Amino acid sequence: MLLPSRETYEELVEDFVWDIPADFNIGRSVSDDWAFRAPDRVCLEHFSPDGHHVSLTYGQLADRSSRLAAALKALGVAQGSRVAILLPQGFETVISHVAAYKIGAVALPLALLFGADAIEYRLNDSGAETVITNRFGLAKIRDARAGLPALRHIILVGETEDGVFGFDNLIETHDPIAEQAATRPDDPALMIYTSGTTGPPKGALHGHRVLAGHMPGIQFAHPDLGQPGDKMWTPADWAWAGGLLNCLLPALLLGVPVVSSPGQKFDPETAFRIMAEMGVRNAFIPPTALRLLRPVENPRSRYDLKLRTIGSAGESLGRETYEWARATLGITVNEFYGQTECNFVLSASERFCVTKSGSMGKPVPGHRVAIIDENGEVLPAGVAGQVAVARPDPVMFLGYWNNKTATDKKFIGDWMTTGDQGVMDEDGYFEFFGRDDDVITSSGYRIGPGEIEDCLLGHPAVRLAAAVGKPDPVRTEIVKAFVVLKDGFTPTPTLTTQIRDWVKHRLSMHEYPREIEFVDALPMTTTGKIIRRELRARA
Ligand code: ATP
Ligand code: MG
């Protein structure tokens, strides 16, 4: 499951084998395995804004998670039960995940940014009986409590109160669990809800194998991860597949310390401060966050950055942001692609000469990805179609939770469809065109919003942009752009014309936005994805 040591992409693909151990367990792979060899090795470092950073060792993680595992078992949490983890980045979050895996329960990460309704929906849909949270999460659960019939136990991090179990107290009063669950790679381990960008979020259930399946991708996008001094961080919530599986768990498996930081609203200066102060060398930064870093002036002279590798996924990175990172940070961002159901299957890797501005890279060794038509036939290079992944694949979900119909609909034969349109070029590079629903049809042309948004971003006044199709009697749809301006710019008719001409002269005539609306912010999921369906409704 780890990349062999090879010089070229072709050799890697040729020589890669999936050798996932028959008793693979996510929890043990990220804690006990290292605790056995190097108990004092640091696994987590917590950034504190006041400068009092604290750390946790693999020995401590293994011990505390084994104690919490015993406590969960004593509460009646059985193999397969869902344990909701409603916590920000922090030690307790990792301890909770590992404890759940060690008893064969299913970890269900939830973001604290969710409101009470979003939490209620996911807790009810999953039938979780136990939730581990802090006082912010507790307040939201209390708001929803009447509507949560399945929920039996609340475990609270921080000061305890009546009616809940104290997290630290459970750990102090239980001995490490005598016998951990014997799990196989296909046994359920983790359930993550999709971002809900295109509709109601769906629970994607994964086996323990999912982490093993992420290892080649991580090592491809962050070459030689695990070098002395390497340290990983992401501003993304660990409750999202991105934060959890593109950063936290693979890094811990490789023995790379992960920096945790309190999850407030993304602030560019704070992000640079965290990376500098904590000595972050490897970062997973989604495109939206990278775009928000762009207005920061001279980050390399103002911050002592040790960054070595940056991976990015979740949205199109785009040429503008790719070039910005090269010029400003001196790093080629390795963009990769996947979805909650099947993650990290395409990736760039500059080290292996797989990098191309505007492309998501090539299939990661171990995964088979192709562009297919509606009958499941593989399309040749240069022809646009649906991005699809062949099964079996360890990163592929076991199925949507309680929704066999939706699971079945996801497959055409042995191809898992992604709902994303793309094209592969002659050299094997994949380019993202747009989600099925986001593709704009105008005057007979099919237009991906990404290219327009990327072009808009290149305009000096534009901070963020989104393009959608607006129904039009003559052209079927016209392109409408929603634009957030950088500080110091104000919306005027002149600016509108300027921005329109900017796109008109750079892209083809049919692609320029006939309408531009200036907004203060774009509707986004908690994972930083633009919700274009809301903008379409508004348009
Ligand atoms: P939902 O399925 O609930 O609508 P979602 O698809 O946004 O939400 P995720 O699974 O978090 O939920 O996101 C996966 C999607 O993100 C992919 O299907 C794709 O549309 C988009 N995506 C991920 N990586 C990239 C990338 N590198 N370039 C373009 N799009 C990407
Ligand atoms: Mg999706």
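Treat the numbers as computed from the prediction; the structure is a model and nothing was measured. Counting starts at 1 for both ligands and their atoms, following the listed order.
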Problem - is_close_aromatic(His208, Phe24), centroid dist under 6.0 Å - result: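 Centroid distance His208-Phe24: not below 6.0 Å, so no.
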Practice task
Step through it carefully: locate the ring centre of Tyr337, locate the ring centre of Phe430, and say whether they are under 6.0 Å apart.
Solution key: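 Between Phe430 and Tyr337, which both carry aromatic rings, the centre distance is not below 6.0 Å.
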Problem - Pairing residues for Phe114 by the ring-ring contact (aromatic ring centres under 6.0 Å, His included) criterion, not counting sequence neighbours - result: none
Handout entry: With sequence neighbours excluded, residues passing ring-ring contact (aromatic ring centres under 6.0 Å, His included) with Tyr400
Key = Phe397
Practice task
For Lys202 and Asp125, run salt bridge (charged side-chain N to carboxylate O under 4.0 Å, His left out): C-alpha distance rounded to whole Å, both residues' side-chain angles, the deciding distance at 0.1 Å, then the answer.
Solution key: CA-CA 9 Å; Lys202 302 164 289 258; Asp125 186 64; over 6 Å; no
Problem - All pairs passing salt bridge (Lys or Arg N to Asp or Glu O under 4.0 Å) where residues 450-466 contributes a residue, at least two apart - result: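 Listed by first then second residue: Glu453-Arg532, Arg463-Asp487.
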Problem - Close residues, ligand 1: non-hydrogen atom nearer than 4.0 Å - result: Thr194, Ser195, Gly196, Thr197, Thr198, Lys202, Trp240, Gly314, Glu315, Ser316, Glu335, Phe336, Tyr337, Gly338, Gln339, Thr340, Met360, Asp420, Phe432, Arg435, Lys529
